[in-house]
Amino acid sequence: MNENGLDERKTKILHAIIKNYLETGEPVGSRTISKYTDLNLSSATIRNEMADLEELGYILQPHTSAGRIPSDKGYRFYVDHLIKEKDKEVSEMKDFVIEHTERMEQVLQQVAKLLAANTNYATMITSPQFHHNKVKFIQLSSVDEEHILAVVVLEGNLVKNKMVTTDEPVDNEQMLKLNMLLNTNLTGLSIDQINLGTIAALKEKAGIHSHIISDVLDAVAEAISEDEDLEIYTSGATNILKYPELSDSQKASELLTAFEEKNQLVSLVTENLADEENTGIQVYIGNETPIQTMKDCSVVTATYELGEGVKGTIGIIGPKRMDYENVMDNLKMLKAQLDGIWNKPKR
């Protein structure tokens with residue numbers, strides 16, 4: 001029995017009624033619930049439980065229907081339960097990331113060193129970035145009469161907080177309905193899937209609070225498109241000096257500067273990650289590379305993935321006469337190891 005006086009069976013039935021109603025917009029009958037849950041209960045038992053839920057104020061029976069719909073109290077129970085679940089997920093993910101952040105940095109630095117040692121070329125690797133993220137959950141909560149905090153949880157359990165200013169106070173019931181509206185319509189969508197039609201429909205449903213929807217959607221867009229801090233770890237830059245065709249003082253100086261300042265490497269990373277289909281190995285020879293100072297080099301890159309749209313780039317820079325087979329073997333091996341590190345189940 002939980003703090004709301006509902007046992008596990010009633011909770012499951014209430015969840016089934018609410019989820020079914022959110023999907024269909026139609027009052028939900030006992031027969032639908034008997035098919036919808038894994039409780040294996042008869043329609044008669046479900047009817048009794050639904051009668052209890054109605055008496056407790058969690059569901060209502062519209063006059064013209066034998067089915068039930070959620071009451072505000074029912075929605076509140078559902079949202080509170082959902083928030084609790086999401087908070088737990090986010091908290092676990094935060095703990096996991098905090099626990100592994102230092103290790104991640106060490107791993108990436110180690111990868112760059114290992115590649116440089118194994119190939120005798122210059123190497124780079126980026127920290128993982130979130131790309132084309134989808135909305136997982138949105139929670140609006142009132143801060144004061146003029147401000148609402150929008151918490152946007154994206155795939156990969158990336159959490160963004162945005163403050164939204166409102167002209168008039170929004171009471172608890174209106175806030176609850178806005179939360180339900182946003183989550184029902186936006187969960188699972190990426191920003192490029194939230195089109196004008198979606199926005200217009202949401203605004204219409206929001207009525208007098210349509211401007212809040214606009215502000216929240218702006219916050220969602222900003223949260224999804226916001227660039228994470230991009231860290232680039234490099235190693236073996238001086239290996240380049242071992243090759244006569246690259247060791248002339250001006251060329252060598254330009255190449256070493258590119259590695260020290262790293263901002264030129266960003267264009268290589270951006271190009272590499274922009275290609276959705278590119279998860280294999282890419283080879284840029286001479287002028288093909290987006291980095292002007294590397295036009296006398298060959299650059300070989302690979303994209304590693306940590307799951308849920310989280311990607312990074314590994315790169316090797318050397319002379320055009322590099323040992324391509326050895327470079328590709330090294331990249332494949334390290335890509336496979338990185339793909340697996342953070343996808344292993346937590347113990």
Side-chain angles (χ1 to χ4, degrees), residues 101-131 227-275 278-306 310-339 341:
T101 298
E102 280 186 24
R103 190 166 76 89
M104 187 191 292
E105 189 172 315
Q106 287 164 4
V107 166
L108 296 179
Q109 286 171 336
Q110 198 58 39
V111 165
K113 282 181 188 169
L114 186 62
L115 269 181
N118 286 354
T119 62
N120 251 332
Y121 304 130
T123 62
M124 56 157 281
I125 185 164
T126 72
S127 56
Q129 301 294 291
F130 292 81
H131 288 270
D227 284 331
E228 296 300 298
D229 292 336
L230 177 67
E231 290 289 340
I232 299 180
Y233 305 95
T234 59
S235 186
T238 53
N239 283 345
I240 286 169
L241 305 179
K242 295 175 182 174
Y243 304 96
E245 65 266 47
L246 298 176
S247 62
D248 128 333
S249 58
Q250 189 183 343
K251 282 181 187 172
S253 170
E254 286 176 352
L255 282 168
L256 291 174
T257 300
F259 272 88
E260 279 168 23
E261 294 180 357
K262 297 183 183 176
N263 58 339
Q264 290 182 54
L265 298 177
V266 172
S267 60
L268 178 65
V269 175
T270 307
E271 178 160 313
N272 202 48
L273 292 179
D275 184 355
N278 166 27
T279 53
I281 288 177
Q282 298 286 303
V283 181
Y284 304 90
I285 299 170
N287 286 320
E288 293 171 357
T289 176
I291 304 175
Q292 187 57 28
T293 52
M294 293 182 184
K295 65 183 187 320
D296 294 315
C297 303
S298 276
V299 180
V300 185
T301 65
T303 301
Y304 69 88
E305 285 196 80
L306 305 186
V310 186
K311 298 178 182 180
T313 297
I314 322 169
I316 296 176
I317 297 96
K320 292 178 190 175
R321 62 184 173 96
M322 69 163 54
D323 182 346
Y324 290 100
E325 189 176 355
N326 179 41
V327 164
M328 288 184 186
D329 285 346
N330 272 280
L331 276 181
K332 279 180 184 170
M333 177 189 73
L334 285 167
K335 170 179 156 52
Q337 288 176 348
L338 282 169
D339 284 353
I341 285 175

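The model shown is predicted, which means the values in this text are computed figures rather than measured ones.
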Do the side chains of Tyr324 and Ile285 get nearer than 4.5 Å, heavy atoms only? yes

Which pair of heavy atoms, one from Gln109 and one from Tyr233, lies closest together, and at what distance? CG-CD2, 3.5 Å

State, with a plain yes or no, whether a side-chain heavy atom of Asp323 is found less than 4.5 Å away from one of Thr119. no

Spacing of CD1 belonging to Ile125 relative to OG belonging to Ser235, to within rounding of 0.5 Å: 11.5 Å

Determine whether Thr234 and Leu265 make a side-chain contact, defined as any pair of heavy atoms from C-beta on separated by less than 4.5 Å. yes

Check whether any side-chain N or O of Tyr243 sits under 3.5 Å from a backbone N or O of Asn239 as a donor-acceptor pair, and report yes or no. no

Take atom NZ in Lys262; do more than 12 heavy atoms of anything else shown fall under 6.0 Å from it? yes

What I'd like to find out is whether the side chain of Tyr304 reaches to under 4.5 Å of the side chain of Leu334, using heavy atoms alone. no

When rounded to the nearest 0.5 angstrom, what distance separates CG in Leu108 from CD in Gln110? 10.5 Å

Heavy-atom pair of closest approach, residues Val283 and Glu288: O-OE1, 3.7 Å

Measuring from atom SG of Cys297 to atom CD1 of Ile291, what distance do you get when rounded to the nearest 0.5 angstrom? 9.0 Å

Only distances under 3.5 Å count here; give the side-chain donor-acceptor pairs of residues 249-259 to other protein atoms, sequence neighbours excluded, each with its distance to 0.1 Å.
| residue | atom | partner | partner atom | Å |
| --- | --- | --- | --- | --- |
| Gln250 | NE2 | Glu254 | OE2 | 3.4 |
| Thr257 | OG1 | Ser253 | O | 2.8 |

Looking at Glu245 and Arg321, does any basic side-chain N land under 4.0 Å from a carboxylate oxygen? yes

Under a 4.5 Å cut-off applied to non-hydrogen side-chain atoms, are Met322 and Val300 in contact? yes

Donor-acceptor pair, distance only, cut-off 3.5 Å: does the side chain of Lys335 make one with the backbone of Thr303? yes

For the atom pair CD1 (Ile316) and CG (Asn330), what is the distance rounded to the nearest 0.5 Å? 6.0 Å

Quick check: does any side chain N or O of Thr313 sit under 3.5 Å from a backbone N or O of Thr126, one acting as donor and the other as acceptor? no

Which distance, rounded to the nearest 0.5 Å, do you find between the NZ of Lys320 and the NZ of Lys295? 9.0 Å

Search all heavy atoms of Ile240 against all heavy atoms of Ala122 and return the closest pair with its distance. CD1-CB, 3.7 Å

State the OG1-CD1 distance between Thr123 and Ile314, to the nearest 0.5 angstrom. 10.0 Å

So do the side chains of Tyr121 and Leu115 get within less than 4.5 Å of each other, counting heavy atoms only? no

